[in-house]
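Residue numbers begin at 1 in each chain, while the letters A, B, ... track the order of the sequences. Predicted model, so just to flag it, every value in this text is computed and none were measured.
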Amino acid sequence: MTTAFTPIPALIGGALIGLAAVLLMLFNGRVAGISGITGQLLKWPPAADWPWRLAFVAGLVAAPLAVVQRAPDMAELGFVAGLPVMALAGFLVGFGSSFGSGCTSGHGVCGIARLSKRSILATVVFMTAGLLTVFVVRHVIGAGD
Amino acid sequence: MGQVIMALLCGALFGGGLTVSGMINPAKIVSFLDIAGDWDPSLILVMAGAVGITAIGYRLTFGRAQPIFSDRFSLPTAADIDARLLTGAAIFGIGWGLGGYCPGPALAGLFQGAPETLTFLATMCVGLVAGRLATEATT
């Protein structure tokens, strides 16, 4: 499955993500790391500061629907894997981002923006792992076309 | 209350940004990671836009003594490169390449209700808990 290069929406969307990260730091003093915000909700008893975390997730879940209702072509959705692989992928993403203290947002956006050595290295590592994984799946095993 | 309303707004902006940028489509992520195939570099510009705005905004923000709705900035304190960081990032990257989802886009794509998305989110939550337990066991 191929997708088109969409530079302008990519930059605009990226800027919105950046704005969200800046406002969350300016007002709440918090890093906009999705795995961290979500992970702290998934324990018992929940983190004492669960209300803002839940509110963030609620906004994250609800806004895309509102956007797509006005711009239906933004709902484009394509998968490269079936359910068993998606189940494995979800576990690895959850485990890895929790064990490695961050994901694309916490390390890749917020961490790099404040020039954290750990986040820069983590981003290089997960990008490389992702590139190698797709290379093996698509060009060595030859699946997912 | 201010913190909760602000978090809701930031979550909405974040989710809106992911949607506008096309990142809620896993095929687009995998196309970015497929440099040997029909490469779609869009994700680089999403990162560039997000990191650029955040870097500038953080600089201005950190000039303040404290956040507007809180008495301090909560920033990660770890500074050392350790095995946990590298192992976690590598495992995360493999999952990202396999499924084309990371946590933000998977949550932002929940409204579409695809079985693939729901499955990914369910096991992601299990993984988040398992990763925390593994972290507690190794530190």
Side-chain angles (χ1 to χ4, degrees), chain A residues 1-3 5-6 10-11 13-18 20-29 34-35 39 42 51-52 55-56 59-61 63-65 67 76 78-80 83 86-87 89-100 103-104 109 112-113 122 125-126 129-131 133-134, chain B residues 3-4 6-8 10-17 19-21 25 27-28 30-31 33-34 38 40 42 45-46 49-51 53-55 57 61 67-70 73 88-99 102-104 107-108 110-111 116 119-120 123-124 127-128 130-132:
Chain A
M1 185 176 304
T2 60
T3 57
F5 179 41
T6 48
L11 272 173
L16 288 174
I17 292 167
V22 171
L23 291 176
L24 196 66
M25 186 60 74
L26 175 63
F27 282 86
N28 292 9
I34 310 298
S35 57
L42 298 171
W52 78 263
F56 185 95
L60 176 62
V61 168
L65 177 59
V67 172
E76 197 181 327
F79 293 102
V80 297
L83 293 183
M86 289 307 279
F91 182 81
L92 295 176
V93 162
F95 185 92
S97 56
S98 173
F99 200 59
C103 57
T104 334
V109 175
I112 289 184
V125 169
F126 73 64
L131 289 166
T133 301
V134 171
Chain B
Q3 278 209 21
V4 173
M6 206 58 212
L8 180 69
C10 289
L13 273 174
F14 204 109
T19 310
V20 169
S21 64
N25 183 7
K28 213 164 165 59
V30 176
S31 292
L33 293 171
D34 190 14
D38 209 344
D40 174 3
S42 302
L45 292 183
V46 180
V51 171
I53 296 287
T54 307
T61 297
I68 292 168
F69 291 152
S70 170
F73 294 108
I91 292 172
F92 167 75
I94 293 169
W96 193 41
L98 284 177
C102 49
L107 284 165
L110 177 61
F111 78 94
E116 290 88 345
T119 303
F120 182 96
T123 55
M124 182 185 94
L128 283 168
R132 190 181 71 241

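- Both the backbone and the side chain of A:Thr3 have a heavy atom closer than 4.5 Å to some heavy atom of chain B.
- Nearest heavy-atom pair, B:Cys10 versus A:Ala20, reported as atom, atom and distance to 0.1 Å: O-CB, 3.3 Å.
- What you find for A:Pro51 and B:Val4 is that their closest heavy atoms are CB-CG2, 3.8 Å.
- Per-residue heavy-atom pair counts under 4.5 Å with chain B were compared for A:Ala113, A:Ala89, A:Gly78, A:Gly90, and the maximum is reached by A:Gly90.
- Between chain B and the options A:Ala63, A:Gly100, A:Ala55, A:Ser97, the largest number of non-hydrogen pairs under 4.5 Å is found for A:Ala55.
- Interatomic distance, CZ of A:Phe126 versus CD1 of B:Ile94, reported as 13.5 Å (0.5 Å rounding).
- No donor-acceptor pair closer than 3.5 Å links the side chain of B:Arg132 to the backbone N or O of A:Phe99.
- Between chain A and the residues B:Val30, B:Val51, B:Leu128, the largest count of heavy-atom pairs under 4.5 Å involves B:Leu128.
- Distance CG/A:Leu60 to CG/B:Leu107: 5.5 Å, rounded to 0.5 Å.
- Judged by distance alone, with hydrogens and angles left aside, the side-chain atoms of B:Thr123 form a donor-acceptor pair with the main-chain N or O of A:Ala87 at under 3.5 Å.
- Note: A:Leu26 leads A:Leu26, A:Ile112, A:Leu24, A:Leu42 in heavy-atom pairs under 4.5 Å with chain B.
- To the nearest 0.5 Å, atom CH2 of residue B:Trp96 and atom SG of residue A:Cys103 are 10.0 Å apart.
- The contact between A:Val93 and chain B is made by backbone and side chain atoms together, counting heavy-atom distances below 4.5 Å.
- Between chain A and the residues B:Gly15, B:Ala50, B:Ala55, the largest count of heavy-atom pairs under 4.5 Å involves B:Ala50.
- Within the model, atoms CZ of B:Phe14 and CG of A:Leu23 stand 12.5 Å from one another, a figure rounded to the nearest 0.5 Å.
- At a threshold of 4.5 Å between non-hydrogen side-chain atoms, the residues A:Phe91 and B:Met124 do not count as touching.
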Legend entry - Check against side-chain contact (heavy atoms from CB on, under 4.5 Å), B:Phe73 and A:Met25: CA-CA 7 Å; B:Phe73 294 108; A:Met25 186 60 74; 3.6 Å; yes
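- Contact check for B:Asp40 versus A:Thr2: no side-chain heavy atoms found under the 4.5 Å cut-off.
- The line from CD1 of B:Ile53 to CD1 of A:Ile17 is 11.5 Å long, rounded to the nearest 0.5 Å.
- For the set B:Gly16, B:Gly104, B:Gly57, B:Gly93, the entry with the most heavy-atom pairs within less than 4.5 Å of chain A is B:Gly93.
- Side-chain contact between B:Phe92 and A:Thr104 is present, with heavy atoms from C-beta onward closer than 4.5 Å.
- The heavy-atom pair separating B:Gly127 from A:Ser98 by the smallest distance is O-CB, 4.4 Å.
- Top candidate by heavy-atom pairs under 4.5 Å with chain A, chosen from B:Asn25, B:Ile91, B:Leu13, B:Asp38, is B:Asn25.
- The CG atom of A:Asn28 lies 7.0 Å from the CE atom of B:Met6; values are rounded to the nearest 0.5 Å.
- Using a 4.5 Å heavy-atom threshold, the side chains of A:Met86 and B:Leu98 count as separate.
- Judged by distance alone, the side chain of B:Ser21 and the main-chain N or O of A:Gly13 form no donor-acceptor pair under 3.5 Å.
- Smallest separation of non-hydrogen atoms from A:Leu16 and B:Val20: CD1-CG2, 4.3 Å.
- Nearest heavy-atom pair across A:Ala122 and B:Ala89 is O-CB, 3.6 Å.
- For B:Ser42 (side chain) and A:Ala10 (main-chain N/O), no donor-acceptor pair under 3.5 Å exists by modelled atom type.
- Heavy-atom minimum distance, A:Thr133 versus B:Gly97: CG2-C, 4.0 Å.
- Comparing A:Gly130, A:Ala129, A:Pro64 by how many heavy-atom pairs each has under 4.5 Å with chain B, the most go to A:Pro64.
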